Amino acid sequence: MCRNIKTLFNFEPPATEDEIQASALQFVRKLSGFNKPSQANEAAFELAVQEVSDAARRLLASLHTQAPPRDRATEAAKAKERSQARFAGR
């Protein structure tokens with residue numbers, strides 16, 4: 001599951017709310033072990049997702065770098081290349 005959590009810092013354009021929310025959801029899923037929580041755990045699960053989203057948003061807003069922003073298409077191509085190399089021998 002954690003492979004789906006993508007780096008969100010230092011991209012142009014900046015990370016969207018949907019990307020932050022998706023990252024938080026994946027993180028909470030990994031921690032809890034639930035893909036979809038039971039009704040008894042749903043409120044706690046949703047609160048955790050919201051709190052992680054808020055923390056991620058604050059973190060991204062507070063980080064600084066001198067490096068030029070990364071390009072999403074270039075990074076996606078690199079990831080695809082790594083994946084192909086990793087699974088080529090199977």
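Given the structure is predicted, the values throughout are model-derived calculations rather than measurements. Note that these values count all heavy atoms, side chains included, but never hydrogens, waters or copies made by symmetry.
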- prompt: Between Arg29 and Asn35, is there a donor-acceptor pair closer than 3.5 Å when you use the side chain of the first and the backbone of the second?
  reply: yes

message: Any side-chain to backbone donor/acceptor pair from Arg72 onto Pro13? Under 3.5 Å, distance only.
response: yes

message: Could you check whether any side-chain N or O of Asn10 sits under 3.5 Å from a backbone N or O of Pro68, counting only pairs where one atom can act as donor and the other as acceptor?
response: yes

query: With a 4.5 Å limit on heavy-atom distance, are the side chains of Pro14 and Leu60 in contact?
result: no

- prompt: So, for Ser23 and Leu8, which heavy atoms are closest and what is the spacing to 0.1 Å?
  reply: CB-CD1, 4.1 Å

query: Got a sec, which residues hit side-chain contact (heavy atoms from CB on, under 4.5 Å) with Val49, two or more places apart in sequence or on another chain?
result: Gln21, Ala24, Leu25, Val28, Phe45, Ser53

query: Below 4.5 Å, heavy atoms only, C-beta onward: do Arg70 and Thr7 meet side chain to side chain?
result: yes

message: Side-chain heavy atoms nearer than 4.5 Å, only ILVMFWY residues, links allowed to pass through others: does that put Phe34 and Phe27 together?
response: yes

- prompt: Taking atom OG1 of Thr74 and atom CZ of Phe11, what is their separation to the nearest 0.5 Å?
  reply: 9.5 Å

statement: With Arg82 as partner, the option from Gln84, Lys78, Arg86 fulfilling side-chain contact (heavy atoms from CB on, under 4.5 Å) is Lys78

- request: Calculate, to the nearest 0.5 Å, the distance between atoms CG and CG belonging to Leu47 and Asn41 respectively.
  value: 12.5 Å

